[in-house]
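Just so it is clear, the structure is predicted and the values come from calculations on it, not from any experiment. To find a chain, count down the sequence lines: A is the first, B the second, and so on, and within it residues start at 1.
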There are 2 protein chains.
Amino acid sequence: MAWDTAATKQKILDAALEEFAEHGPAGTTVDRIAGRAGVNKERIYNYFGNKRALFTRVLAAESERIAGSVVFDPAHDDPVGDYAGRIFDYHTAHPELVRLLLWEGLTTPDEVVDEAARAEYYRAKVERFAEAQANGVLRDDLTPGVLLFSIMALAAWWHAAPHIARMATGTGRADTAQRRAAVMTAARHLATET
Amino acid sequence: MAWDTAATKQKILDAALEEFAEHGPAGTTVDRIAGRAGVNKERIYNYFGNKRALFTRVLAAESERIAGSVVFDPAHDDPVGDYAGRIFDYHTAHPELVRLLLWEGLTTPDEVVDEAARAEYYRAKVERFAEAQANGVLRDDLTPGVLLFSIMALAAWWHAAPHIARMATGTGRADTAQRRAAVMTAARHLATET
DNA sequence: GTTGATACCAACGAATTCGTTGGAAATGAT
DNA sequence: ATCATTTCCAACGAATTCGTTGGTATCAAC
């Protein structure tokens, strides 16, 4: 069999994403990642250094993935509802990201992976909100940064605290469509008069 | 020195709360809890069984503490803003609870500590929201459960994802008063027409 | 086909951590 | 004062896990 180092690295990254999202940095074992990837543990240390560095790498990759994926469209009929709905969709399709972010916030909130690039990503989003406020599309009694943050809260909380969602709303089996509609409505109220 | 088992137990619980909130169930070591409490490790196993059981115990205690502490008051001028502000205050004063809840959601979302009692607590809250909706105090285009859940999201997200708050809003040092005001405004928009 | 370099793996050492155990110190009852 | 009971602790065994090492298989160049 021929070597395929790119594929080996990718298998490790895929396995690490699953394991880290599921068990967090402390709960994940390098042995399990290696086992899931079907690769020897030594490869992980050779390619990525150590466990924490691998976690960092995985989180950076996932952060980049969402960056270009969900974009605010001020020309939409219901710009904020649509935007919040699509954030919700992203998290529904890729539940790993929220979990990685929460692990990061719980373990190393003051030492954030690739903070400069991620802050810049948020800054760009905030800029678009500020424009929409200036154009009268959105309410302006919340600063654009707070508005963005609050919409992310509404869209992500369902995945961040699924057990609380279950207890508070009573829905045993999560009704995704219903939740998506609720997120849209809530976000719209937040940012517009309607 | 006389025995004081109640004090010993309490010292363990206090230390465990700090350690679990800080490092989570997997990241916490029983040795560190014992060290922080100034107590021998064996006492922990004797009094509380094992590490997971102690985590459960701590979380149950904190869940009970908030239950009677923050109550919705429909007679208030700005009932929802006031309520959200007070939830925010509670989390600001006791940041451990949000962290414990997140760790629970990340590690054992389907096996929740004392779920029946906690679900009942949420049900009572939802009931009050439903009444306020029936009386025209609150919008009724969101179900009362969703409304409660969304307000909790707005109030808790700042503490759940502090690093994202920092990146999105740019405030290096958290301005608590400003954030509290933002939570109030956002919650008010969510639930009322003003 | 020989050689040097690289990808890979089985097995290992060292450290950490859970949970236990055997016994010492303190207490209350007789 | 004695004795059974309870609280407490130092030390330990067993298991887990991180990260490494020595050696083997594969490749590319000549």
Audit row: B:Glu104, B:Arg118, salt bridge (Lys or Arg N to Asp or Glu O under 4.0 Å) steps and yes/no: CA-CA 13 Å; B:Glu104 182 186 39; B:Arg118 285 160 70 189; 2.8 Å; yes
Looking at residues at least two apart in the chain, or sitting in another chain, which of them share a side chain to side chain contact (heavy atoms under 4.5 Å, CB included) with [X]?
| X | result |
| --- | --- |
| A:Ala165 | A:Trp158, A:Arg179, B:Phe149 |
| B:Asn40 | B:Glu42 |
| A:Thr143 | A:Val146 |
| A:Ser69 | A:Tyr90 |

Could you give the [atom1]-to-[atom2] distance, from [X] to [N], as a whole number of Å?
| X | N | atom1 | atom2 | value |
| --- | --- | --- | --- | --- |
| B:Ile12 | D:dC8 | CD1 | C1' | 11 Å |
| B:Ile44 | D:dC8 | CD1 | C1' | 13 Å |
| B:Phe48 | D:dT7 | CZ | P | 13 Å |
| B:Tyr45 | C:dG19 | OH | C1' | 5 Å |

Just to verify, what does [X] make a side-chain hydrogen bond (donor to acceptor under 3.5 Å, both in side chains) with, not counting sequence neighbours?
| X | result |
| --- | --- |
| A:His23 | A:Glu19, A:Arg32 |
| A:Gln178 | none |
| B:Asp31 | none |

Under 4.0 Å protein heavy-atom contact, by nucleotide of nucleotides 3-14 of chain C - B base, S sugar-phosphate only: ----BBBB----
Contact list for residues 34-67 of chain A, test ring-ring contact (aromatic ring centres under 6.0 Å, His included), sequence neighbours left out: A:Phe20-A:Phe55
Inter-axis angle, terminal five-pair segments of the helix from C:dG1-D:dC30 to C:dT30-D:dA1 [nearest 10°]: 10°
Proximity to DNA chain C (any heavy atom under 4.0 Å), residues of residues 20-34 of chain B only: B:Thr28, B:Thr29, B:Val30, B:Asp31
All pairs passing side chain to side chain donor-acceptor pair (under 3.5 Å) where residues 125-140 of chain A contributes a residue, at least two apart: A:Arg139-B:His189
